[in-house]
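Residue numbers begin at 1 in each chain, while the letters A, B, ... track the order of the sequences. Remember, it's a predicted structure, so these values are computed and weren't measured experimentally.
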Amino acid sequence: MHAIVCIKQVPDTTEVRINPETNTLIREGVASIINPFDTYAIEEGLRLKERFGGKVTVLTMGPPQAREALKEAVAMGADEAILLTDKAFAGSDTWATAYTLSRAIRRLAPFDIILCGKQAIDGDTGQVGPGIARQLQIPQLTYVSRILEIDPESAHIRVERLLEEGREIVDCSLPVLLTVVKDINQPRYPTFMGIRRATRMEIPVWDCQALPEANPEYLGLRGSPTQVVRIFHPPARSGQATLLTGDTPALLAAQLADRLLADKVI
Amino acid sequence: MSGLIVLAERCTACGSCLGVCPFGALSLEGDTIVVGEQCNLCGACVDACPSEALRVERPEAEAEPDQATYRGVWVWVEQFQGRACTISWEMMGQGRRLANELGVALTACVLGHDVGHIAREAIAYGADRVFLVDDPTLAVYRTDPYAAVLVHLVREYRPEIFLLGASARGRDLAGAVATDLHTGLTADCTGLDIDPETRLLRQTRPAFGGNIMATIICPKHRPQMATVRHRVFEVPPADESRSGQIVRVPAILPEERIACRVADFVLESGQVNLADARIIVTGGRGVGGPEGFDPIRELAEVLGGAVGASRAAVDAGWIPYAHQVGQTGRTVKPDLYIACGVSGAIQHLAGMQTSKVIVAINKDPEAPIFNVATYGIVGDLFQIVPALTAEFRRRLGR
Ligand SMILES: Cc1cc2nc3c(=O)[nH]c(=O)nc-3n(C[C@H](O)[C@H](O)[C@H](O)COP(=O)(O)OP(=O)(O)OC[C@H]3O[C@@H](n4cnc5c(N)ncnc54)[C@H](O)[C@@H]3O)c2cc1C
Ligand SMILES: Nc1ncnc2c1ncn2[C@@H]1O[C@H](COP(=O)(O)O)[C@@H](O)[C@H]1O
């Protein structure tokens, strides 16, 4: 079983604060982390390896410091890691990101399964997973909350997907791309041995020369159909809460009920 | 040379750009601004620079020569078990507005099995034309057959704008279709308007968990595709007397070429369907344990609403993930959001702060949730929530 996990390094948004005077993001000291959803994807890959043997390859496209995210995945137990980095990849939108990752994945073939997070917490798009699947012309199963059955021999998988109205059970063939939600498992912590291995490991770096099949027109800013033209801070929600006061819970409840009925939200 | 250019002769090393970079890519070394690898060319610094010393140089991509032949606005009408999803009508309202501004027609794409009634509804909600693809292979949503139909229709009829709902299915489908069409896709938009000079669609969306907003365009590829966030826009009134054209189109993929089969669907109770709920009652760590959700559920039931949860409550195992509201859970925009024992961490706020009316019930008067709340009650939720349930039970006669 060869599982390829696509991970992204993102700023830890818990630590991102807004400077109330300038209304800008305070980035000082904000750590970079593996996109939280991607840790679930790594864990699921590791579990498949434990059941079926084979290997887990983690792949990221990003600046050189994204190597740290790969090392963390190796410390968790991933076998191989590839860092895609090149000035030519800078400014990629989801189309160009999925294109570049899919060309790298072709070099890593054969594989049985590709795992991605449901979305990245910086861009929040959830588009890269489907983009990779279409580029590789393999089926995609998004928002997966459980792998119910998987059999590499007969190339079959059954998963549960989490949708708005409930849970869908789907059968599909392998190879397949899954995007996972955090219901799926509890990611493990890096082990001592893993950390040692990660520290020593030389992580291969692929630049655009390493992807000879890739069309340079489709990479980075040039290959990105979308353009960000403006970034701004959302207007803060105006006003302070009206604090309700009253001597007993019943009096408070009556006041709140009056207000909510007057606001016509009930 | 493309990228972020610092014009040394203009730069005064004032540092205005450093803090505005969402990626932390800029630094001041001596008196020069250095652009790091993290630069995503978003241009936030360009606007912040008082001396116009920064510029994003974009490579000149050739415009698609036939770009002008793309006309019209399209909306994908999502349905589940034969009923149209409200998000689709919200988008029809937006689609109609954009089509009117551009002076073009609005087309709805209705895919499913036995869904002719939805095609007629789509006309009532503003469509001039409906592509109706009615086929057993489309009865239940699956990426491949749905994407194949839409890709085919777009190639044939060339719309300039294509909107889909940012639901689980909408995001799944839009990601696939935009990839095949090699065009731009903006996720989760909360604002859409037309630039009158260029006719380009300006798509505005939150990023970084709602901390910043970005406006995005797709100048050189067609159609301009966007998914639109739920409950940002109003459902327009339906006008049964409107007329429009229904065009029947065959499906593209035969069953034997579809890799997936949907074996089963387990519907969640109404208390879990956060996306459609008009009222949500949410419990956080303050509920103290799984039983702490009992009073929350009772209030939700009396109000006919859904039950939400903060990540802290979900991670503690008190309630399933499907209830989680926030950056890593669901984004919601109900008319009424009652947060009980929730502190209001930024990731939670990212998922609910656009709710119409927010009520916060928390023991701690300093809890940040009070900064976004419309009404606040400082007190013990185990006293307040049951009192509210009793009060509404009486007033609503439930
Ligand atoms: C990458 C990332 C993504 C995240 N995504 C999400 C997300 O999607 N959704 C989310 O919710 N969080 C998310 N978080 C977590 C978030 O940062 C907070 O940890 C979480 O929202 C806190 O939940 P809480 O408010 O229930 O708990 P706490 O912060 O512990 O607050 C509990 C509150 O209850 C009050 N309280 C206690 N007892 C009572 C009582 N009897 N009556 C009244 N009030 C009482 C306390 O005063 C306190 O204010 C994310 C974090 C990260 C790092
Ligand atoms: N630069 C990247 N390198 C590797 N994987 C990525 C990258 N960007 C996105 N992904 C994967 O795609 C998922 C969805 O990301 P997004 O579409 O940006 O929300 C992430 O959870 C990752 O699994």
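- Only one option out of B/Ile279, B/Leu303, B/Val357 pairs with A/Val265 in a side-chain contact (heavy atoms from CB on, under 4.5 Å); it is B/Val357.
- Looking at heavy atoms from C-beta onward, B/Phe80 lies out of side-chain contact with A/Leu163 at the 4.5 angstrom threshold.
- Contact of B/Glu391 with chain A is made through the side chain alone, with heavy-atom distances under 4.5 Å.
- Interface remark: A/Glu217 contributes no atoms to any contact with chain B (heavy atom separation under 4.5 Å).
- Atom CZ of B/Arg83 has 12 or fewer heavy atoms from other residues, nucleotides or ligands within 6.0 Å.
- A distance of 7.5 Å separates OG1 in B/Thr374 from CG in A/Asp263, rounded to the nearest 0.5 Å.
- Counting heavy-atom pairs closer than 4.5 Å to chain B, the top-ranked of the candidates A/Val170, A/Val128, A/Thr242, A/Thr85 is A/Thr242.
- Contacts between B/Arg330 and chain A at a heavy-atom distance below 4.5 Å involve the side chain alone, from C-beta outward.
- In summary, A/Lys182 and B/Asp315 engage in a salt bridge, as defined by a charged side-chain N under 4.0 Å from a carboxylate O.
- Annotation: side chain of B/Asp144 is in contact with side chain of A/Arg134 (closest heavy-atom distance under 4.5 Å).
- Taking chain A as the reference chain and counting heavy-atom pairs below 4.5 Å, the highest number among B/Asn273, B/Val46, B/Asp172, B/Asp335 is found for B/Asp172.
- With a threshold of 4.5 angstrom between heavy atoms, B/Gln81 does not approach chain A through any atom at all.
- Of all heavy-atom pairs spanning B/Ala168 and A/Tyr143, the tightest one is O-CE1, 3.5 Å.
- Contact count versus chain B (heavy atoms, under 4.5 Å) is highest, among A/Gln127, A/Gln255, A/Glu165, for A/Glu165.
- Distance check, rounded to the nearest 0.5 Å: CD1 of B/Ile212 to CD1 of A/Ile231 gives 4.0 Å.
- Proximity to chain B is absent for every atom of A/Ile132, based on heavy atoms less than 4.5 angstrom apart.
- For B/Leu396, the part lying under 4.5 angstrom from a heavy atom of chain A is the side chain only.
- Contact annotation for A/Phe37: only side-chain heavy atoms (C-beta onward) come within less than 4.5 Å of a heavy atom of chain B.
- Partners of A/Asp112 under the salt bridge (Lys or Arg N to Asp or Glu O under 4.0 Å) rule, at least two apart in sequence or in another chain, do not exist in this structure.
- Per-residue counts of heavy-atom pairs under 4.5 Å with chain B were compared for A/Gly220, A/Ser224, A/Ala257; the largest is that of A/Ala257.
- Heavy-atom neighbours of A/Asn215 CG from other residues, nucleotides or ligands within 6.0 Å: above the threshold of 12.
- Residue A/Gln227 holds its CD atom at 11.0 Å from OG1 of B/Thr186, rounded to the nearest 0.5 Å.
- No other option in B/Ala207, B/Ala259, B/Ala147, B/Ala275 has as many heavy-atom pairs under 4.5 Å with chain A as B/Ala259.
- Interatomic distance, OG1 of A/Thr142 versus CZ of B/Arg171, reported as 10.0 Å (0.5 Å rounding).
- Between chain A and the residues B/Ala360, B/Ala214, B/Pro386, the largest count of heavy-atom pairs under 4.5 Å involves B/Ala214.
- If you measure heavy-atom distances from B/Val359 to chain A, the contacts under 4.5 Å come from the side chain alone.
- Looking only at heavy-atom pairs under 4.5 Å with chain A, the residue among B/Thr204, B/Ile258, B/Leu185, B/Ile377 that has the most is B/Leu185.
- For B/Tyr375, the parts lying near chain A are the backbone and the side chain together; criterion is any non-hydrogen pair under 4.5 Å.
- With respect to the salt-bridge test (charged N to carboxylate O, under 4.0 angstrom), the residues B/Arg142 and A/Glu168 do not qualify.
- Top candidate by heavy-atom pairs under 4.5 Å with chain A, chosen from B/Arg395, B/Gln324, B/Gln383, is B/Arg395.
- We find the CZ-CE distance between A/Arg230 and B/Met213 to be 9.5 Å, quoted to the nearest 0.5 Å.
- Checking side-chain atoms of A/Glu164 against main-chain N and O of B/Asp276 turns up no donor-acceptor pair under 3.5 Å.
- Within a 6.0 Å sphere centred on CD of A/Gln137, heavy atoms belonging to other residues, nucleotides or ligands number 12 at most.
- B/Asp47 places none of its side-chain heavy atoms less than 4.5 Å from the side chain of A/Phe232.
- Between the A/Gln135 side chain and the B/Thr179 main chain, no donor and acceptor come within less than 3.5 Å of each other.
- For B/Ala176, the parts lying under 4.5 angstrom from a heavy atom of chain A are both the backbone and the side chain.
- Chain B forms the most heavy-atom pairs under 4.5 Å with one residue out of A/Ala133, A/Gly123, A/Ala90, and that residue is A/Gly123.
- A perpendicular orientation is assigned to the rings of A/Tyr218 and B/His182, their planes being inclined by more than 60° (bins at 30° and 60°).
- In this structure, chain A has a heavy atom under 4.5 Å from the side chain of B/Val140, while its backbone stays farther away.
- Heavy-atom distances place the side chain of A/Gln65, and not its backbone, under 4.5 Å from chain B.
- Taking CD1 of B/Ile384 as the reference point, atom CG of A/Leu252 lies at 5.0 Å (rounded to 0.5 Å).
- Closest of all the heavy-atom pairs between A/Trp95 and B/Thr183 is CD1-O, 3.8 Å.
- Looking at A/Lys87, the atoms closer than 4.5 Å to chain B (heavy atoms on both sides) all sit in the side chain, from C-beta outward.
- In terms of the salt bridge (Lys or Arg N to Asp or Glu O under 4.0 Å) criterion, residue partners of A/Asp171 (sequence neighbours excluded) are, by chain and number, A/Arg158.
- With a 4.5 Å cut-off on non-hydrogen atoms, A/Asn35 does not touch chain B at all.
- No other option in B/Leu274, B/Thr227, B/Ile369, B/Asp264 has as many heavy-atom pairs under 4.5 Å with chain A as B/Asp264.
- Side-chain contact between A/Leu260 and B/Leu336 is present, with at least one heavy-atom pair separated by less than 4.5 Å.
- Scanning all heavy atoms of the two residues, the minimum distance from B/Cys260 to A/Leu141 falls at SG-CD2, 4.0 Å.
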> Between B/Leu388 and A/Leu256, does a side-chain contact (heavy atoms from CB on, under 4.5 Å) hold up when you go through it step by step?
Replying inline: CA-CA 8 Å; B/Leu388 271 174; A/Leu256 183 61; 3.6 Å; yes
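- Of the atoms belonging to B/Ile217, heavy atoms from both backbone and side chain fall under 4.5 Å from chain A.
- Proximity to chain A is absent for every atom of B/Thr389, based on heavy atoms less than 4.5 angstrom apart.
- Contact annotation for A/Ala254: both backbone and side-chain heavy atoms come within less than 4.5 Å of a heavy atom of chain B.
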